[in-house]
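A quick write-up on the structure given underneath.
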Amino acid sequence: MQKFCKYLLVSPAICGVMLFVNTATFAGEISNTSEINQPQVLVNPDTKVQNIAPDQTMAQVTSVSQFSDVQPTDWAFQALQSLVERYGCIAGYPNSTYRGNRALTRYEFAAGLNACLDRVNELIATATGDLVNKQDLATLQKLQEDFSAELATLRGRVDAVEARNAELEANQFSTTTKLNGEVVIAIADVISGNTVNGQKVNQNTVLADRVRLNLDTSFTGKDLLRTRLQATNLDPFSQTATFTPEGDFRFAGGNNSNGVVIDALLYQFPLGNKTDIILEANAGAIDDFTNTVNPYLDGDGGSGALSHFGTRNPIYYLVNGTGIGVKHEFSDQLELSFGYLANDAANPQLGSGLFNGAYGAMGQLTVKPINQITLGLTYINAYKNTFFANGSGGSNNANDNILQNATSNSYGIEASFQPSSKFVIGGWAGLTKARVLSVGDADIWNYAVTLAFPDLGKTGNIAGIIVGMEPKVTSVSNSLSNAGINKDPDTSYHIEGFYQYKLSDNISITPGVIWLTAPDHNNDNDDIVIGTVRTTFTF
């Protein structure tokens, strides 16, 4: 900038270009390349430099008096006045300030100089060249020569950005659709435990995977059409190793030998400013439109808790399939969600379809009395719908003997308290009152306490602990007992711990264990310990 400052003696009007010239013109050019620093403002000598967005500019001023921070006593006042009144190539910020003391790069100065040169040429071309004196023209020509390299570089960078943008537009996948994906690769094994319900537990290390590709499409910018493709090769351990629905992994299930299927299909759109409508065509789940009140632990299997039980209150799994969900926010503190999902909506046979087969209907009020506390009050009505079939666990008795043949009403309360950014304590309790058709009634309870430790050891890491009781039949009516269906004899506890370590923005590794005492709520069964190391890739 020393080259330029010597010209102050020749023409203070031109020297004023250095202070701030047509921010609206050069900020737009500069913002297109990451190599050029964003405009900054030096508030005062004792404060640090603050970034100013390129679009924070005001329209062309017609008088220097429009700048609230420019006074007639300022040393550059006459220069600014000349540039504004004679050449019209000065602009300021939206709050009518000029900020003449802000830092200026040579590239910014070159862009501003070019803007004033264009203005001078325009004045000459429109027969108003008498406003430009010979001294100013000579100075401008000299400046143009001195900064020719910077001007050429700036134009070259803009041209390069335009060329790259054109190439991206010509080869982009879609103008409306974005692709994102997740790959889970896990090593898992039953570490200890010999028999469950008279069957030998299989202790054999497996290597499993699950691949998901989401095609997220928006037609209006506010809606979402999601098509999820999935391939997996791991059956739940309850079917192959442990023989109890308790402790199943969240990332397991639906083994299709890595064949690709449409795993989820939904369309979400707003209805007004506070209401969202979600249409579930396939594999809909309650968390698509409801807050499950388990932050950091409720994940899709690739993140958060390892097990279905550790992810959320098991009664939520009674709502799944095809149907509709609605979420309405009364305020930041109060939200209402409700929905209806059928399990076999595409089957026209009797006992199936959208309204005649198994289904789950729900309503939940979510309350945030303060920012640190979230409460959920949940009601679910279901028909011939089980915890186990949908992956939440519980005893075989609760699933096969009772819910598979019953209508049920479930009541849940969920809570989360985050006293600091590094610690969250939460939990839930759920009661399912089932009526086995033409036989009798049963009560099924579950509960859990959860601890989450966000950013433990490193930003992005998560540690979690879950302790609770998976769904257990706690009481049955006499008529149900006479039919040979009894309550679960004992109590099994689910104890789970994991540590999700973020290797990079796209890779995390999660070692963890699940310990089941008295599996299937039966003390005759050996305790089971299941271990895994889950690696997740996202893109």
Side-chain angles (χ1 to χ4, degrees), residues 176-178 180-182 210 212-220 222-230 232 250-251 253-254 256 260-272 274-294 298-302 308 311-329 335-349 351-366 376 378-392 408 410 412:
T176 59
T177 302
K178 293 182 178 180
N180 61 80
E182 178 186 82
R210 189 193 70 185
R212 283 180 170 177
L213 298 177
N214 290 322
L215 299 172
D216 290 341
T217 303
S218 180
F219 303 101
T220 66
K222 296 182 179 180
D223 61 341
L224 171 67
L225 173 63
R226 168 164 290 177
T227 305
R228 186 170 71 196
L229 307 178
Q230 176 172 291
T232 182
R250 179 72 174 148
F251 56 81
N256 58 8
V260 179
V261 298
I262 296 180
D263 177 61
L265 181 62
L266 64 84
Y267 181 60
Q268 175 180 327
F269 61 93
L271 186 64
K274 295 182 177 296
T275 305
D276 286 329
I277 309 295
I278 299 90
L279 303 177
E280 307 271 10
N282 182 57
I286 201 170
D287 62 317
D288 291 334
F289 52 88
T290 301
N291 184 349
T292 60
V293 197
N294 195 21
D298 191 328
D300 59 1
H308 286 292
T311 299
R312 62 184 68 133
N313 190 334
I315 68 171
Y316 284 129
Y317 294 106
L318 294 173
V319 181
N320 65 97
T322 301
I324 186 173
V326 179
K327 179 174 67 176
H328 179 76
E329 295 181 358
E335 176 183 292
L336 174 66
S337 57
F338 53 92
Y340 174 93
L341 299 179
N343 294 166
D344 197 15
N347 189 345
Q349 296 180 359
S352 298
L354 188 59
F355 299 110
N356 293 320
Y359 72 85
M362 63 80 59
Q364 176 173 303
L365 195 65
T366 305
T378 311
Y379 168 72
I380 294 173
N381 174 262
Y383 171 67
K384 289 190 175 181
N385 212 341
T386 70
F387 300 116
F388 179 39
N390 305 306
S392 69
S408 63
S410 297

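None of the values given here were measured: they were computed from a predicted structure.
Taking the ring centroids of Y379 and F338, they lie at or beyond the 6.0 Å cut-off.
Separating the OG atom in S410 from the CG atom in L318 is a distance of 5.0 Å, to the nearest 0.5 Å. The distance from the NZ atom of K384 to the OG atom of S408 is 13.0 Å, given to the nearest 0.5 Å. The OH atom of Y340 lies 5.5 Å from the CZ atom of F355; values are rounded to the nearest 0.5 Å. To the nearest 0.5 Å, atoms CG (L336) and NZ (K274) are separated by 13.5 Å. Taken to the nearest 0.5 Å, the CD atom of E182 stands 8.5 Å off from the CG atom of N214. Between atom CG of residue L365 and atom CG of residue N291 there is a gap of 11.5 Å, rounded to the nearest 0.5 Å.
The nearest pair of heavy atoms linking G353 to A342 is O-CB, 4.0 Å. Here the closest heavy-atom approach between residue A345 and residue T322 is recorded as CB-CB, 3.7 Å.
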* To do: List the steps and the verdict of side-chain hydrogen bond (donor to acceptor under 3.5 Å, both in side chains) for T232 and Q230.
  => CA-CA 7 Å; T232 182; Q230 176 172 291; 5.5 Å; no
* To do: List the steps and the verdict of side-chain contact (heavy atoms from CB on, under 4.5 Å) for I380 and V319.
  => CA-CA 8 Å; I380 294 173; V319 181; 3.8 Å; yes
* Verdict with reasoning, I278 to I324, per side-chain contact (heavy atoms from CB on, under 4.5 Å) -> CA-CA 6 Å; I278 299 90; I324 186 173; over 6 Å; no
* In sequence, state the C-alpha distance, the side-chain angles, and the governing distance for K327 and T275, and then conclude on side-chain contact (heavy atoms from CB on, under 4.5 Å). => CA-CA 6 Å; K327 179 174 67 176; T275 305; over 6 Å; no
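With hydrogens and angles disregarded, a donor-acceptor distance shorter than 3.5 Å links the side chain of D288 to the backbone of A285. Under the 3.5 Å distance criterion, the side-chain polar atoms of N313 are left unmatched by any main-chain donor or acceptor of G412.
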Contacts under 3.5 angstrom, residues 263-271 side chains, donor-acceptor by atom type, not counting sequence neighbours:
residue: D263; atom: OD2; partner: R228; partner atom: NE; Å: 2.8
residue: D263; atom: OD2; partner: R228; partner atom: NH2; Å: 2.4
residue: Y267; atom: OH; partner: D223; partner atom: OD2; Å: 2.7

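Side-chain atoms of N385 and N343, non-hydrogen and from C-beta on, do get closer than 4.5 Å to each other. Between D300 and R250 the shortest side-chain heavy-atom distance does not fall below 4.5 Å. Under the 4.5 Å side-chain criterion, counting only non-hydrogen atoms from C-beta, F289 is in contact with E280. In this structure the side chain of M362 reaches within 4.5 angstrom of the side chain of I286, judged on heavy atoms. For the pair T177 and T227, the minimum side-chain heavy-atom distance is 4.5 Å or more.
One side chain, Q364 or T378, offers a donor N or O that lies under 3.5 Å from an acceptor on the other. Y359 and N381 share a donor-acceptor pair across their side chains, judged by distance under 3.5 Å alone. Donor-acceptor pairing under 3.5 Å is recorded for the side chains of T292 and D298.
With salt bridges taken as basic N to acidic carboxylate O contacts below 4.0 Å, one links D287 and R312. Between D216 and K178, none of the side-chain N atoms (NZ, or NE/NH1/NH2) sits under 4.0 Å from a carboxylate O, so this pair counts as no salt bridge.
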